[in-house]
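These numbers were taken from a predicted model, which means no experiment stands behind them. Hydrogens, waters and symmetry mates play no part in the numbers below; they use all other heavy atoms, side chains included.
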Amino acid sequence: MIAGVEELPLVVPGQEPRERADAARNRRRILAAAADLVAQRGIERVSMDDVARAACVGTGTLYRRFGDRAGLALALLDEQTRAFQDQLIAGPPPLGPGAPAAVRLRAFGKGFLDLLERHAELMAVAEEPRRDLGAGPMPFYLTHLTILLRDATPHLDAEFTARALLAALAPHEHLRARRGFGWSLERLRAGWCALIDALTGAVPADR
């Protein structure tokens, strides 16, 4: 689960902690209702009040559990982002371990672009302007890129470069490129690979 989303159960001495099971059921019901509404209308047309009514819970309960729309969006994305993280940690190369760092950097961008292509609107809400790279899965991505960059580009400031690369993959930027500029997904993938090749000094290969 995403840190900070799930409520801690209320434990009463001498009483079984039923609240944990109840909270889990309520959370699943809320997320199912939210997912249905998002599928029907798009996240931009779904309010917290809409979700509360659909899930038959109070709006206050919804805010206590998820904080705000960004927290709700993060929870809706949890399964997809965790699957991507699992691939980075233990999946087959080049996305997972076993390939050179420069190759893994290219694979990360292409995989992340695929994630954006499916979920950019939700990811944009989850990264509302008041949030930073300390929210949701971003610290993991930052650490992952920093480690790869230290290996592939020891001459660069790895953390600064990792943050710059993640900024290039920002959900709002993806939506602007795809819908505003009309750029194809293939162009974005090629651009990412060319950027990584320029940073690492790699000879362009079949992408």
| said: With rounding to the nearest 0.5 angstrom, report the CG to CG distance, Leu165 to Leu142. | reply: 10.0 Å
| query | Is there a donor-acceptor contact under 3.5 Å from the side chain of Asp197 to the main chain of Ala194? | reply | no
| said: Under a 3.5 Å cutoff, is there a donor and acceptor pairing between the side chains of Glu117 and His174? | reply: yes
| said: Donor-acceptor check, side chain of Arg104 to backbone of Gly96, threshold 3.5 angstrom: yes or no? | reply: yes
| How far apart are the closest heavy atoms of Leu88 and Pro97, and which atoms are they? | O-CD, 3.6 Å
| request: Side-chain contact test, heavy atoms from C-beta onward, threshold under 4.5 Å: evaluate it for Leu122 versus Gln80 and give yes or no. | output: no
| request: May I ask you to decide if the ring planes of Trp183 and Phe181 are parallel, tilted or perpendicular, using 30° and 60° as cut-offs? | output: tilted
| field | Phe84 reachable from Ile147 in the ILVMFWY side-chain graph, under 4.5 Å edges | value | no
| task | List the atom of Arg69, the atom of Glu44, and the distance in Å for their closest heavy-atom pair. | result | NH2-CA, 3.9 Å
| said: Quick check against the 3.5 Å criterion: does Arg106 have a side-chain atom that pairs as donor or acceptor with the backbone of Cys193? | reply: no
| query | Where is the tightest heavy-atom contact between Ala102 and Ile196, given as atom of each residue plus distance? | reply | O-CG2, 3.8 Å
| message | Can you confirm whether Phe66 sits close enough to Leu74 that some side-chain heavy atom of one is under 4.5 Å from a side-chain heavy atom of the other? | response | no
| Of Leu166, Leu199, Leu145, which meets side-chain contact (heavy atoms from CB on, under 4.5 Å) against Thr161? | Leu199
| said: I'd like to check Met123 versus Thr81 (side-chain heavy atoms, cut-off strictly below 4.5 Å). Are they in contact? | reply: no
| request: Following the transitive rule for hydrophobic clusters with a side-chain heavy-atom cut-off under 4.5 Å over Ile, Leu, Val, Met, Phe, Trp and Tyr, establish whether Val38 and Leu175 coincide in one cluster. | output: no
| Shortest non-hydrogen contact from Pro94 to Ala99? | CA-CB, 3.8 Å
| said: Are Phe108 and Leu115 linked, directly or through intermediate hydrophobic residues, by side-chain heavy-atom contacts shorter than 4.5 Å (ILVMFWY only)? | reply: yes
| request: Classify the ring geometry between Tyr141 and Phe112 as parallel (under 30°), tilted (30 to 60°) or perpendicular (over 60°). | output: perpendicular
| Do the side chain of Arg45 and the main chain of Leu37 share a donor and acceptor less than 3.5 angstrom apart? | no
| request: Test salt bridge (Lys or Arg N to Asp or Glu O under 4.0 Å) on Glu121 and Arg179 and set out the steps. | output: CA-CA 12 Å; Glu121 289 185 348; Arg179 299 176 183 177; 2.9 Å; yes
| query | Backbone N or O of Val57 within a donor-acceptor pair of the Thr61 side chain at under 3.5 Å? | reply | no
| request: Please examine the side chains of Leu62 and Asp49, heavy atoms only from C-beta on, and report whether any two atoms are closer than 4.5 Å. | output: no
| task | Measure across Ala124 and His172 and return the closest heavy-atom pair with its distance rounded to 0.1 Å. | result | O-CE1, 3.4 Å
| remark: Between Pro171 and Leu116 the two heavy atoms that sit nearest each other are CA-CD2, 3.7 Å
| task | Before giving the answer on side-chain contact (heavy atoms from CB on, under 4.5 Å), spell out for Asn26 and Arg65 the whole-Å C-alpha distance, their side-chain angles and the decisive distance to 0.1 Å. | result | CA-CA 10 Å; Asn26 287 339; Arg65 286 183 178 277; 3.7 Å; yes
| Hey, any chance Leu31 and Val51 share a hydrophobic cluster, counting ILVMFWY side chains that come within less than 4.5 Å of each other, even indirectly? | yes
| query | Looking only at side chains, do Arg187 and Ser184 share a donor and an acceptor under 3.5 Å apart? | reply | no
| message | Could you check whether atom CD of Glu79 has more than 12 heavy atoms from other residues, nucleotides or ligands sitting under 6.0 Å from it? | response | no
| said: Rounded at 0.5 Å granularity, tell me how far CZ in Arg82 sits from CD1 in Ile89. | reply: 9.5 Å
| query | Is there a donor-acceptor contact under 3.5 Å from the side chain of Arg178 to the main chain of Glu173? | reply | no
| query | Roughly how far apart are Ile30 CD1 and Arg28 CZ, rounded to 0.5 Å? | reply | 11.5 Å
| Is there a chain of hydrophobic side chains (I, L, V, M, F, W, Y, each step under 4.5 Å between heavy atoms) that links Phe140 to Phe160? | no
| How long is the gap from CG on Leu149 to CG on Leu105, to the nearest 0.5 Å? | 5.0 Å
